[in-house]
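Whatever order the structure lists ligands and atoms in, that order sets their numbers, starting from 1.
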Amino acid sequence: MFEMSKLKFHLTDENKYFNGRQFSIEEAEFILFGAPFDATSTYRTGSRYAPQAIRCASINIETYSFRTLMDALDLKIHDAGDLPQTSNTEEITERISEVISEIVEDGKIPIMIGGEHTITYGAVKALKNISTIIFDAHMDLRDEYPMGVKISHATVSRRISEVLGVEKLLIMGVRATCKEEIEYAKKIGLIFKTSMEMIEKEVCEYIGKISNERLWISIDMDVLDPSIAPGVANPEPEGINLSKLLDTLEKLVSNNRVIGFDIVEVTPAYDNGITSIVASKIIFELACMIKNSLRNSEYTTI
Ligand code: MN
Ligand code: MN
């Protein structure tokens, strides 16, 4: 049983639960928590402030979803609060692995709010026998970055490829990389799609090869164009728009059993709040899609 007390979450103010609602752990279909970790950020730091900013946005936007014909207020979400802050990457990775394992073993769907992208490694490490789709402007395939650091926001996809095997990973929305990453991707046979390819193609047929796997979805908010998501650690022009991201997610969710997802890299200090609003909207829509897909799912347990 998932127990907040054992995991020592920092509990949020009663009025600041995600969505403004709080279901008990027993009732909940989704367990949401923040991982306010940004110790390896190298450019615009401050993603540790994102969980609270996204909660605040979630309380102040409308909740009805025309994509799913559902009201996000009806989602049974338990907001567990935030993990305690630390600057120790190994420690946060282990903690996240422990939390994600417990939530999934308890038959619930984790929603993890970062923090920087590094935290996805902890989630995937806990689940292992899954596929992962990462939405990101960057490949995050360096072996070390900054120098000597093996687990960071710039190496997270490489570490994930090592844990899962390259055939279980797909990166979408790429438009910012370096020679080392391209060479590595080519060497191991990693499939990635650029933002330009995503914009051109109507349907993402290339997700087919992992379509029947249990799936973790990781959304680095810099996959979106900076014109709609400027408050990120490493903004990169020529990104996809929100409709393209949601359309793609819809496609994924309807073909897959999504085991959980994360949303990372929002840095609230660098905008007027719009990126947290967009992040909150994505969580609403994706959680509604997942709930919808479970109704027709071949899997019997939620
Ligand atoms: Mn990233
Ligand atoms: Mn990125």
Side-chain angles (χ1 to χ4, degrees), residues 35-48 50-51 54 89 92-93 96 112-125 132-146 149-164 166 169-178 180-182 184-185 190-199 216-242 244-245 248-249 260-271 275-276 278-279 282:
F37 175 81
D38 62 6
T40 84
S41 289
T42 43
Y43 185 25
R44 311 200 309 175
T45 61
S47 61
R48 67 182 180 278
I54 293 170
T89 309
I92 193 75
T93 301
I96 289 168
M112 177 167 69
I113 304 177
E116 59 171 63
H117 210 168
T118 313
I119 63 170
T120 305
Y121 178 58
V124 171
K125 205 155 85 70
T132 296
I133 294 191
I134 296 174
F135 292 89
D136 201 330
H138 308 91
M139 299 182 92
D140 297 348
L141 285 179
R142 284 184 164 92
D143 191 29
E144 293 182 359
Y145 194 87
V149 179
K150 282 280 193 182
I151 305 173
S152 79
H153 70 101
T155 69
V156 62
S157 296
R158 183 147 171 169
R159 300 287 92 84
I160 287 172
S161 76
E162 291 164 355
V163 169
L164 295 182
V166 65
L169 175 63
L170 177 60
I171 306 175
M172 297 178 78
V174 173
R175 58 195 183 275
T177 187
C178 65
E180 180 198 344
E181 292 180 309
I182 292 285
Y184 178 73
L190 175 74
I191 295 180
F192 65 91
K193 296 292 159 189
T194 64
S195 57
M196 288 68 82
E197 287 173 287
M198 287 185 77
I199 291 164
W216 181 270
I217 294 175
S218 176
I219 301 165
D220 180 330
M221 282 291 285
D222 67 34
V223 75
L224 295 170
D225 193 81
S227 59
I228 50 165
V232 294
N234 296 275
E236 188 64 41
E238 209 176 6
I240 58 171
N241 66 26
L242 182 60
K244 174 57 81 172
L245 177 64
T248 308
L249 289 170
F261 68 92
D262 64 64
I263 193 149
V264 296
E265 295 284 335
V266 173
T267 52
Y270 287 90
D271 74 358
T275 312
S276 297
V278 174
I282 294 168

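Applying the side-chain hydrogen bond (donor to acceptor under 3.5 Å, both in side chains) rule to Glu116 yields the partners Thr40, Ser41, Thr118; only residues at least two apart in sequence or on another chain are considered.
Taking 4.0 Å as the cut-off between side-chain N and carboxylate O, Glu180 and Arg158 count as a salt-bridged pair.
In this model, a donor atom of one side chain and an acceptor atom of the other lie less than 3.5 Å apart for Thr42 and His153. Neither side chain, Asn234 nor His138, offers a donor N or O lying under 3.5 Å from an acceptor on the other.
The local environment of OH in Tyr184 is crowded, with over 12 non-hydrogen atoms from other residues, nucleotides or ligands closer than 6.0 Å.
Protein atoms of type N, O or S found under 2.8 Å from the Mn ion (ligand 1) total 4.
By the 6.0 Å and 45° rule, Arg159 does not stack over the aromatic ring of Tyr121.
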